[in-house]
Amino acid sequence: MTVPPPGEPAPDVGPSPAPDDLGLLVAGHRLLTTPDGGLPRVGELPAGTGWVPVGTLDGVPAWAAAPDDATRPAGRWRSWRALAAELPEPLATLAGRAVAVVTFRRTHRWCGACRAELADVPGETARRCPACDLYVPLRLSPAVLAAITRPGPAGGPTELLLVRHASGPTGLWALVAGFVEAGESLETAVRREVTEEVGLTLGTVDYFGSQPWAISGPGVLLAGFTVTAADPAAEPEVDGRELVRARWFPVDALPAELPPAYSISRWLIDAVAARG
Ligand SMILES: [Zn+2]
């Protein structure tokens, strides 16, 4: 039996891209951009690249591939975080989807039940085992974010709870966040995370919006909530391991070190601040 080298599985034969289609090359969590910072076209990239479809943008088909070290073109490779900060929303989302699909294919090469090599399912972001028929879709990991508020002192603005993490972007004042566990609703996860991380009990929990997030691994979907502290006099307590600080800020005096403008964390903070 021949064992193929580890890495990206070869795409199954399907429709092939046209030279003017968008071509997103992904290496790890970095994407190849054009010299002006945009996304390249398939015709500008090496022939023979193993493209897989990742959707369309304004009617233009988009394809992704993961070149190996030997065939990786030189050029401007940039993280999704850098692209998301600069590119307009549809392009940043497409780049995030390309990273998620490429990462999924690289990490779902073999059947977890019988060890045969999985095959792409045409028309889906999914793989299937030809030996035992196991179906393996790209699974999303939902995570929740909570913008916790309480009334300010009499006549003063609302206060927002911001936290500092022990790892990751430690310089930022961020929101309480965490992954949803099996068997939880999004709202249950919000209440559990807030209790676990800062020891507060919540009053209202209102859905705000969501954002696909390509930084913390393939297929993370962030869901944001605006929530109120049940007891306005309660002070947060952090465990010092995951979080190192938690503080109430008046919404008209928020710190400068906030999450980036392209993140739902920031959209939540800005929305709470705009309400005053
Ligand atoms: Zn199998």
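Every value quoted in this text rests on a predicted model; they were computed, and no experiment measured them. Ligands are counted one by one from 1 in listed order, and the atoms in each one are counted from 1 as well. Start at 1 with the first residue, then count along the sequence.
- Checked for salt-bridge contact, D120 and R127 meet the test: a charged N lies under 4.0 Å from a carboxylate O.
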Report the C-alpha distance between D270 and R266 in whole Å, list the side-chain angles of each, state the deciding distance to 0.1 Å, and finish with yes or no for salt bridge (charged side-chain N to carboxylate O under 4.0 Å, His left out). CA-CA 6 Å; D270 289 348; R266 184 59 171 274; 3.2 Å; yes
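- A salt bridge between R191 and E187 is absent, with no side-chain N of the basic residue lying under 4.0 Å from a carboxylate O of the acidic one.
- Under the 30°/60° scheme for interplanar angles, the aromatic rings of Y262 and W213 are found to lie parallel.
- A salt bridge (charged side-chain N to carboxylate O under 4.0 Å, His left out) check over residues 143-155, counting only residues at least two apart or in different chains, returns the pairs R150-E159, R150-E235.
- Near-neighbour remark for the Zn ion (ligand 1): protein N, O or S atoms under 2.8 Å are C111 SG, C114 SG, C129 SG, C132 SG; waters not counted.
- Checked against the 6.0 Å centroid threshold, F208 and F225 do not count as a close aromatic pair.
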